[in-house]
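What follows is a short report on a single structure.
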Amino acid sequence: MKLYLVSLAVGILVGIIYGGLGVRSPAPPAVALIGLLGMLLGEQVVPPVKRLLAGEPVNLVWFHRECVPKITGLPVSTDSSREDTAKPNGPQA
């Protein structure tokens, strides 16, 4: 039940912001999609901040493993699969 109340509160906040910006609701598709992208990216701010506050390192490898799949929807790739899909630089037969 708490999740629904928080969702409602955030929805009201976004509605207030939309009203202040003069965007009608429901938003036009392009505006709505950009908003969803912003929400998706905004969600990925929390894990690195939590990690930094815990004193753990935040590096590119961790970001690619933990955040990129959530943003892109692509499965996590391992180092061995990268080697298998790597193409040689030489001429192709």
Side-chain angles (χ1 to χ4, degrees):
M1 180 72 169
K2 180 181 176 184
L3 179 63
Y4 295 110
L5 293 174
V6 170
S7 180
L8 177 63
V10 171
I12 291 171
L13 177 63
V14 169
I16 291 169
I17 293 170
Y18 270 28
L21 294 173
V23 176
R24 66 179 200 238
S25 185
V31 173
L33 288 174
I34 296 297
L36 287 173
L37 176 62
M39 290 177 4
L40 189 63
L41 295 173
E43 283 179 332
Q44 300 314 307
V45 170
V46 175
V49 169
K50 283 184 177 180
R51 234 176 124 82
L52 287 172
L53 291 175
E56 299 174 11
V58 175
N59 55 33
L60 199 54
V61 172
W62 175 85
F63 182 80
H64 278 281
R65 189 181 70 240
E66 296 296 324
C67 298
V68 170
K70 294 174 186 171
I71 294 170
T72 63
L74 298 174
V76 178
S77 61
T78 61
D79 290 334
S80 62
S81 67
R82 286 185 194 156
E83 292 173 3
D84 293 341
T85 60
K87 294 182 180 178
N89 292 333
Q92 299 293 320

Hey, quick one: are [X] and [Y] part of the same hydrophobic cluster, counting side-chain heavy atoms closer than 4.5 Å, chains of contacts allowed?
X: Leu21; Y: Val31; value: yes
X: Leu74; Y: Leu40; value: no
X: Val10; Y: Ile17; value: yes
X: Val68; Y: Val61; value: no
X: Leu52; Y: Val46; value: no

What distance separates [X] [atom1] from [Y] [atom2], expressed to the nearest 0.5 Å?
X: Arg65; Y: Lys70; atom1: CZ; atom2: NZ; result: 10.5 Å
X: Thr72; Y: His64; atom1: OG1; atom2: NE2; result: 10.5 Å
X: Leu8; Y: Leu3; atom1: CG; atom2: CG; result: 11.5 Å

Within the structure provided, determine whether Trp62 and Glu56 are in side-chain contact (heavy-atom separation under 4.5 Å).
no

Q) Is there side-chain contact between Ile71 and Leu41, with at least one heavy-atom pair below 4.5 Å? A) yes

